[in-house]
Engineer: 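Quick one: the structure is below, questions incoming.
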Amino acid sequence: MLDLKFIRDHSGLVKDAIRVKHINLDLDELLRIDRELLAVRQRVETLQAERNANAKAVPKASKEEKPELIEKGKALGEEIKALEPALRAHEDALRQLLLRVPNLPLPGVPEGVDDSDNVELRREGTLPSFDFTPLDHVALLDQHGWADAERVARVSGSRSYLLKGEAALLEQAILTFAMTYLADRGFTPLSTTALVRPETLVATGHFPGGEDQVYKIEGEDLMLAGTAEVPVNSLYAGEILAESELPVTLAALSAAFRSEAGSAGRDVRGLIRVHEFRKVEQYVICRADQAEALKWFETLLANAEGILRALELPYRVVQNCTGDMGAGKALMYDIEAWVPSEQLYRETHSCSYLGDWQARRTGLRYRGEDGKPQFAHTLNNTGIAVPRILVPFLENHQQADGRIRIPAALQGFLGGKAFIG
RNA sequence: GGAACGGUGUCCGAGUGGUUGAAGGAGCACGCCUGGAAAGCGUGUAUAGGUGCAAGCUUAUCGAGGGUUCGAAUCCCUCCCGUUCCGCCA
């Protein structure tokens, strides 16, 4: 959400953002409703002021004057009540439109339509060269009896997954490694639930718009979040934090649920795209200072890269274009790890800077040095997401004999083993 | 699922249908005091709108929404949330 005053004063900039982000929103309609609301509100407030003054006069009035004042109060009350439906309708309409207004991309964000317009910034690590015919991750899992896709599909349908034996331990080891890695860098480890109230999804910016991606709990006003960003962002909702409490830096582990509506047929095989997975999410709430926030952006990116480096996976960093970055984001980089079987990079991390757009929706404020409350800035990035990361992990580290090499940094989390399988 | 009790400002906590935006305390800010600090004393300190160059004026907000009333934090109804006890349960 943007500040309404900002929208009024910079409608051109906002319209540009709507255009480059390809959002279907008529800003002129918003501005019109805003003006109308203002007029109705001023009328109501004038009447309310009259009513209040009148009510205040009643106890002081003489016996003879009282009936007249009371009558006047009644009339004013009815006049106000008559205006309330219009007031309410305008407020609701404005809010609905306001929730759809995107954040402004930072200068320099490449303009584009979808992920094909994203810009590769750099490649890191060395691509593996195999002197044997490498297998894809599904074949590797099968070969070791590490998965049982058929049985789990009977239980849970498509896009479910099951890991067995050392693969199950590996998944756990990677999560623990990532939590530890981030904890060592000052992030507070957090383990939290994905079960959230709908307003938390509005707060992050997933709603309105992303409703069809989210599982809803039948008979309850609860939903399953697709990332720990959702519960964690709302942790301090409505509060005014002391500046000394910032920055809040979290490494939040949670289950993540995504319906994957609209991606039917895509990545149905293997561990790339599943309905339920687990993820360590980096989340930062910092002061409303763009320079400081951008430093955190670099830190979040460096953490993710550090984790991939420790896992010895080649990857590239991509800057998302305006059309691929989501309404709330001012800056977004994806990290994509190399998948040998496909001979391409696939997204494993997504780093985002939201400015105060998300905090404004969440009511996430702090008291600045001047004593005035202001909206914080928020950022998030994946720490690690399983089982997706196992795809590049298994494929890049496979050996001629089928074993999987365990990078040194991970061995301590896996009983000291240098290989599994 | 049953029962009881609660939801007030940055925090804790009082609160009578009208002079309460809301006592008191904590915290914070500034000042005095001090060699410096603590303590102590004094002053200040809600949020979001509208309007105004400004001082200011004004509206809303005491979980949410309705209702009663000239007037509601205060009375009534509905809902939401929380805590505790009992039951059930991994």
Side-chain angles (χ1 to χ4, degrees), chain A residues 1-9 30-99 101 191 193-203 216-223 231 234-248 255 285 287-288 356-357 359-376:
Chain A
M1 201 152 71
L2 292 178
D3 183 12
L4 185 54
K5 271 186 195 156
F6 178 89
I7 297 173
R8 286 178 193 142
D9 296 342
L30 184 153
L31 293 169
R32 195 198 79 233
I33 290 173
D34 175 44
R35 281 192 301 272
E36 289 175 2
L37 172 60
L38 209 57
V40 178
R41 184 176 277 154
Q42 280 172 348
R43 176 78 189 122
V44 169
E45 288 187 359
T46 305
L47 290 168
Q48 284 172 330
E50 269 184 68
R51 181 198 59 194
N52 291 350
N54 186 258
K56 213 179 229 180
V58 170
K60 293 177 199 144
S62 67
K63 265 207 159 57
E64 302 77 64
E65 292 167 324
K66 264 185 189 169
E68 194 188 326
L69 288 175
I70 287 172
E71 278 312 306
K72 191 181 167 198
K74 278 187 190 178
L76 285 166
E78 274 167 35
E79 213 175 329
I80 291 166
K81 199 168 284 183
L83 286 171
E84 268 166 6
L87 185 66
R88 182 71 62 85
H90 277 83
E91 281 172 348
D92 290 348
L94 182 65
R95 171 152 180 87
Q96 287 313 309
L97 290 169
L98 222 38
L99 286 174
V101 175
S191 170
T193 178
L195 200 57
V196 294
R197 301 208 155 95
E199 57 266 29
T200 63
L201 286 147
V202 175
K216 296 160 186 63
I217 304 297
E218 181 80 37
E220 307 255 345
D221 201 19
L222 290 168
M223 304 184 172
S234 278
L235 231 38
Y236 304 96
E239 295 192 37
I240 301 177
L241 300 172
E243 191 166 1
S244 58
E245 296 177 74
L246 301 180
V248 174
I285 304 168
R287 297 187 309 127
D356 69 3
W357 188 88
R360 200 176 283 280
R361 293 171 161 250
T362 312
L364 186 48
R365 293 178 295 175
Y366 68 98
R367 202 171 288 282
E369 266 173 40
D370 58 0
K372 291 269 172 258
Q374 49 193 310
F375 291 103

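Each chain gets a letter, A, B and so on, in the order the sequences are listed, and its residues count up from 1.
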Engineer: Using the closest heavy atom to pick a nucleotide of RNA chain B for each, name whichever of A:Glu71 or A:Val44 lands nearer the 5' end.
Structural biologist: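 The residue closer to the strand's 5' end, by nearest nucleotide, is A:Val44.
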Engineer: For B:rC41, which nucleotide is its Watson-Crick or G-U wobble mate, given both distances must be under 3.5 Å?
Structural biologist: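 Looking at the geometry, B:rC41 pairs with B:rG31.
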Engineer: Return no unless some side-chain N or O of A:Arg367 is found under 4.0 Å from OP1 or OP2 of B:rU47.
Structural biologist: yes
Engineer: Give one of base, sugar-phosphate or nothing for A:Arg35, where a contact means two heavy atoms less than 4.0 Å apart.
Structural biologist: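 Touches nothing.
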Engineer: Side-chain N or O of A:Lys74 less than 4.0 angstrom from OP1 or OP2 on B:rC70?
Structural biologist: yes
Engineer: Which is true for A:Ile240 with a 4.0 Å heavy-atom rule: it touches a base, it touches only sugar-phosphate, or it touches nothing?
Structural biologist: sugar-phosphate
Engineer: For a quick check of understanding: with a heavy-atom distance under 4.0 Å over all strands, which category does A:Arg43 fall into, base, sugar-phosphate or nothing?
Structural biologist: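 Nothing, no nucleic acid heavy atom in range.
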Engineer: Have a look at A:Glu243 and tell me which of A:Arg365, A:Arg367, A:Arg287, A:Lys372 forms a salt bridge (Lys or Arg N to Asp or Glu O under 4.0 Å) with it.
Structural biologist: A:Arg287
Engineer: If you pin A:Thr46 and A:Pro373 to their nearest nucleotides in RNA chain B, which one's is more 5'?
Structural biologist: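 Of the two residues, A:Pro373 wins.
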Engineer: Are OP1 or OP2 of B:rA48 and a side-chain N or O of A:Arg365 less than 4.0 angstrom apart?
Structural biologist: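 Affirmative; the distance criterion is met.
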Engineer: Mind checking who B:rC57 pairs with, Watson-Crick or G-U wobble, both distances under 3.5 Å?
Structural biologist: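 Pairing partner, where one exists within any strand: B:rG50.
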Engineer: Is B:rC85 paired to anything, Watson-Crick or G-U wobble with both distances less than 3.5 Å, and if yes, which nucleotide?
Structural biologist: B:rG2
Engineer: Rounded to whole angstrom, note down the C1' distance from B:rC30 over to B:rA54.
Structural biologist: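 Here B:rC30 and B:rA54 have their C1' atoms 24 Å from each other.
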Engineer: If you measure from the P atom in B:rG42 to the same atom in B:rA26, how many Å do you get, rounded?
Structural biologist: 11 Å
Engineer: Just verifying a value: how many Å separate A:Glu220 CD and A:Glu218 CD, rounded to the nearest 0.5 Å?
Structural biologist: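 Answer rounded to 0.5 Å: 10.0 Å.
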Engineer: Within the structure shown, what part of the strands sits under 4.0 Å from A:Lys372 by heavy-atom distance: base, sugar-phosphate, or nothing?
Structural biologist: nothing
Engineer: Compare all side-chain heavy atoms of A:Leu98 with those of A:Asp34 and state whether any distance is below 4.5 angstrom.
Structural biologist: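 In short, these two side chains do not touch, never coming nearer than 4.5 Å.
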Engineer: In whole Å, what separates the P atom of B:rG44 from that of B:rG25?
Structural biologist: 13 Å
Engineer: Is the shortest side-chain heavy-atom distance between A:Thr362 and A:Val202 below 4.5 Å?
Structural biologist: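 Side chain of A:Thr362 against side chain of A:Val202, heavy atoms only: no contact under 4.5 Å found.
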Engineer: Answer yes or no for A:Arg361 and A:Trp357: cation-pi contact, defined as NZ/CZ to six-membered ring centre under 6.0 Å and angle to ring axis within 45°.
Structural biologist: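 Yes, A:Arg361 and A:Trp357 form such a contact.
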Engineer: So what's B:rA14 paired with, Watson-Crick or G-U wobble, going by both distances under 3.5 Å?
Structural biologist: none
Engineer: Which part of the nucleic acid does A:Asn52 contact within heavy-atom distance under 4.0 Å: base, sugar-phosphate only, or nothing?
Structural biologist: sugar-phosphate
Engineer: Select base, sugar-phosphate, or nothing to describe what A:Leu76 touches, counting heavy atoms under 4.0 Å on all strands.
Structural biologist: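 No contact.
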Engineer: Could you state the atom-to-atom distance from NZ of A:Lys56 to P of B:rG21 in whole Å?
Structural biologist: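 Nearest whole value for this atom pair: 7 Å.
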Engineer: I need the NZ-P distance between A:Lys81 and B:rU68, as an integer number of Å.
Structural biologist: 5 Å
Engineer: Hey, does the side chain of A:Arg51 come within less than 4.0 Å of B:rU58's phosphate (OP1/OP2), counting only N and O?
Structural biologist: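 It does not, given that no N or O in the side chain of A:Arg51 lies less than 4.0 Å from OP1 or OP2 of B:rU58.
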Engineer: Could you check which nucleotide pairs with B:rA64 in any of the strands shown, counting Watson-Crick or G-U wobble with both distances under 3.5 Å?
Structural biologist: B:rU78
